[in-house]
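Since the structure is predicted, the reported quantities are computational estimates derived from the model, not experimental observations. Both counts, for ligands and for their atoms, begin at 1 and track the order of listing.
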Amino acid sequence: MDKKNIDWSHLGFGYIKTDKRYVSNYTEGAWDEGALIEDDMITMSECACVLQYSQTIFEGLKAYTTENGKTVVFRPDLNAERLASSAKRMEMPVFPEERFIDAVEQVVRANEAYVPPYGTGATLYIRPYMFGINPVIGVKPADDFQFRVFATPVGPYFKGGAKPITIKVSDFDRAAPHGTGFIKAGLNYAMSLHAIVTAHKEGFDENMYLDAGTRTKVEETGGANFLFVTKDNKVVTPKSNSILPSITRRSLMTVAKEYLGLEVEEREVFFDEVKDFAECGLCGTAAVISPVGKIYDHGKEICFPAGMEKMGPVTQKLYDTLTGIQMGRIEDKFGWVREIK
Ligand code: PLP
Ligand code: COI
């Protein structure tokens with residue numbers, strides 16, 4: 001397979017149009033058979049539910065070229081399951097999980113020339129999504145929906161790749177206690193746009209959101225969960241009903257326990273204890289594990305011991321093991337990696 005002539009090693013996290021995308025329409029209570037198409041444009045009513053009331057949900061996963069040249073995707077079954085959970089919360093029909101995996105595979109296969117070669121640091125980011133498409137003016141869910149999957153080659157989410165970033169404790173809230181923080185709905189990201197623009201203007205890479213109810217507990221960032229490492233090498237991640245159940249975080253907790261033999265804890269994490277951790281990282285499909293070097297909290301700074309040039313030692317081991325499994329360098333003990341044939 002000839003690859004596209006792209007400067008893979010210098011890709012940022014941006015959109016590049018690829019050749020084919022998958023579309024399936026839901027009308028009269030049923031999904032059609034779905035197909036790959038070339039047209040990247042979508043035509044819909046000016047009054048489409050997604051445009052008026054933001055009825056849209058999405059997923060994100062990646063395809064990789066392994067060390068021995070295979071194309072693989074990572075745990076697509078969990079993305080299928082999470083999209084179903086998002087659909088239920090948003091009064092949308094579930095796209096069958098086996099069809100979700102098939103659609104992802106079709107899109108990767110059809111855009112194989114855009115799957116970055118092994119060793120470039122780039123990956124193919126896959127974006128499944130679903131939205132309410134028919135006109136709706138009174139506030140209610142749509143009746144008709146479209147499910148789509150496109151793919152785009154990407155580099156690191158944060159400029160500088162694996163270098164530590166600086167984040168700030170946000171003055172804005174991301175998700176309400178009984179709201180939609182635990183699903184992947186576009187509205188959660190719309191909420192975060194002003195906060196991220198504000199953080200960037202002030203020179204920070206991301207926001208740390210605290211729980212909206214008490215503002216004492218760590219939740220997540222705009223696009224990733226937190227992992228902390230204690231001074232005695234325990235891996236800790238916040239537990240909350242208003243954060244997204246990150247597939248990367250769940251995988252890393254298993255890596256920590258089962259591959260690295262570390263103790264792991266999923267529990268409420270109070271902001272007051274963050275200063276006592278030895279390492280901090282952001283984890284997600286886009287972020288992989290991005291080390292946090294510094295947290296700014298209203299005039300005070302928390303600086304982690306590894307500094308601003310390199311990851312802490314446990315974060316590095318987690319990163320190496322997870323990416324090793326994804327790229328076929330380390331045994332895939334739990335069958336997480338699915339080959340696209
Ligand atoms: N939290 C938020 C708000 C996200 O948008 C993402 C990205 O998907 C994550 C966490 C990480 O989730 P995952 O590891 O499943 O990509
Ligand atoms: C992902 O990691 O897949 C996400 O959806 C995060 C997003 C902020 C790009």
Side-chain angles (χ1 to χ4, degrees), residues 11-16 56-64 73-86 89 100 104 122-130 148-159 165 167 170 172-176 179-193 195-197 199-200 205-212 218-227 237-256 266 269 280-290 292 318-319 322-323 325-326 336:
L11 282 177
F13 197 87
Y15 173 75
I16 295 173
T56 180
I57 55 177
F58 69 99
E59 273 305 320
L61 67 161
K62 283 175 171 173
Y64 311 82
V73 290
F74 188 70
R75 309 190 78 178
D77 50 319
L78 295 190
N79 295 96
E81 194 182 294
R82 194 170 60 189
L83 190 79
S85 139
S86 299
R89 178 63 175 78
F100 176 102
V104 165
T123 52
L124 187 74
Y125 184 70
I126 305 157
R127 175 52 65 87
Y129 60 116
M130 188 202 292
R148 285 190 167 240
V149 183
F150 71 77
T152 183
V154 295
Y157 190 66
F158 294 105
K159 274 193 237 94
I165 57 169
I167 64 176
S170 183
F172 300 100
D173 294 325
R174 175 177 184 275
T180 53
F182 69 101
I183 60 161
K184 210 158 164 61
L187 62 92
N188 293 330
Y189 300 81
M191 293 267 302
S192 74
L193 297 177
I196 193 65
V197 169
H200 285 164
D205 298 297
E206 251 295 357
N207 283 299
M208 168 186 270
Y209 293 103
L210 301 181
D211 73 297
V218 176
E219 294 254 289
E220 59 176 332
T221 69
N225 283 180
F226 278 101
L227 278 188
T237 193
K239 186 179 172 81
S240 159
N241 292 332
S242 44
I243 65 175
L244 193 75
S246 159
I247 294 162
T248 314
R249 182 256 295 164
R250 286 181 266 164
S251 306
L252 285 167
M253 293 301 271
T254 304
V255 163
E266 186 183 356
V269 174
C280 171
L282 306 184
C283 55
T285 298
V288 193
I289 312 185
S290 302
V292 174
L318 287 167
Y319 179 92
L322 182 71
T323 53
I325 296 166
Q326 290 166 335
W336 288 345

Q: Testing the basics here: between S246 and G284, what is the closest heavy-atom pair and its distance to 0.1 Å?
A: OG-CA, 4.3 Å
Q: Looking only at N/O atoms, are F58 and ligand 2 under 3.5 Å apart anywhere?
A: no
Q: Please determine whether any non-hydrogen atom of R82 lies less than 4.0 Å from an atom of ligand 1.
A: yes
Q: Do I165 and V292 make a side-chain contact, defined as non-hydrogen atoms from C-beta onward lying under 4.5 Å apart?
A: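 They are in contact (side-chain heavy atoms under 4.5 Å apart), so the answer is yes.
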Q: Drop me the distance from E206's CD to S192's OG, to the nearest 0.5 angstrom.
A: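 One finds 8.0 Å between CD of E206 and OG of S192.
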Q: Identify, for atom 6 (C) of ligand 2, the protein heavy atom at the shortest distance, and state residue, atom and that distance.
A: G223 O, 3.8 Å
Q: Please confirm whether R249 comes within less than 3.5 Å of ligand 1 when only nitrogen or oxygen atoms on both sides are compared.
A: no
Q: Among protein heavy atoms, which lies nearest atom 2 (O) of ligand 2, and at what distance?
A: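 Ranking protein heavy atoms by distance from atom 2 (O) of ligand 2, first comes A286 N, 2.8 Å.
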Q: Measuring from I57:CD1 to T180:OG1, what's the distance to the nearest 0.5 Å?
A: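 The OG1 atom of T180 is 12.0 Å from CD1 of I57, to the nearest 0.5 Å.
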Q: Which of these, R250, E220, R75, has its nearest heavy atom closest to atom 10 (C) of ligand 1?
A: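 Shortest heavy-atom distance from atom 10 (C) of ligand 1: E220.
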Q: In Å and rounded to the nearest 0.5 Å, what is the CD1 to CG distance from I289 to L322?
A: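 With rounding to 0.5 Å, CD1 (I289) is 6.5 Å from CG (L322).
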Q: Indicate yes or no: does an N/O atom of K184 lie under 3.5 Å from an N/O atom of ligand 2?
A: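 Checking ligand 2 against K184, an N or O pair does fall under 3.5 Å apart.
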Q: Report the nearest protein non-hydrogen atom to atom 16 (O) of ligand 1: residue, atom name, distance rounded to 0.1 Å.
A: T285 OG1, 2.5 Å
Q: What's the separation between atom CD1 in I183 and atom CG in N188, rounded to the nearest 0.5 Å?
A: 6.5 Å
Q: Could an N or O of ligand 2 be found under 3.5 Å from any N or O of Y157, whether backbone or side chain?
A: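 No: no nitrogen or oxygen of Y157 is under 3.5 Å from one in ligand 2.
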Q: In the protein, what heavy atom is nearest to atom 9 (C) of ligand 1, and what distance, to one decimal place, separates them?
A: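 The answer is G223 O, 3.5 Å.
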Q: Among all protein heavy atoms in this structure, tell me which lies nearest to atom 3 (O) of ligand 2, with the distance rounded to 0.1 Å.
A: Y125 OH, 2.6 Å
Q: With the threshold set at under 4.0 angstrom, would you say R127 reaches ligand 2 through any of its heavy atoms?
A: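 Distance cut 4.0 Å: R127 passes for ligand 2.
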Q: Between N241 and F182, is any pair of side-chain heavy atoms under 4.5 Å apart?
A: no
Q: Ligand 1 versus A224, non-hydrogen atoms closer than 4.0 Å: side chain, backbone, both, neither?
A: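 It is the backbone that gets close, since no side chain atom is under 4.0 Å.
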Q: Any sub-3.5 Å donor-acceptor pair from S290's side-chain atoms to G281's backbone N or O?
A: no
Q: May I ask whether G222 has any heavy atom positioned less than 4.0 angstrom from an atom of ligand 1?
A: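 Contact check G222 vs ligand 1: positive.
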Q: Measure the CG-CE distance between L282 and M208 for me, rounded to the nearest 0.5 Å.
A: 8.5 Å
Q: Under a 3.5 Å cutoff, is there a donor and acceptor pairing between the side chains of Y125 and R127?
A: yes
Q: How far is atom 5 (O) of ligand 1 from the closest protein heavy atom, and which atom is that?
A: Y189 OH, 2.4 Å
Q: Suppose we measure from atom 8 (O) of ligand 1 to each protein heavy atom; which comes out shortest, and what is that distance?
A: K184 NZ, 2.7 Å
Q: Can you tell me how far the CZ atom of F74 sits from the OG1 atom of T123, to the nearest 0.5 Å?
A: 12.5 Å
Q: What atoms of ligand 1 come closer than 4.0 angstrom to any heavy atom of N225?
A: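 Listed by number with element: 1 (N), 10 (C).
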Q: Quick check: I247 and ligand 1, any N/O pair under 3.5 Å apart?
A: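 Looking only at distances, the answer is yes, because the N/O contact criterion of under 3.5 Å is met.
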Q: Counting non-hydrogen protein atoms only, what is the nearest one to atom 3 (C) of ligand 1? Give residue, atom name and distance.
A: R174 NH2, 3.2 Å
Q: I need the single residue from R75, R82, K184 that forms a salt bridge (charged side-chain N to carboxylate O under 4.0 Å, His left out) with E59. Which is it?
A: R82
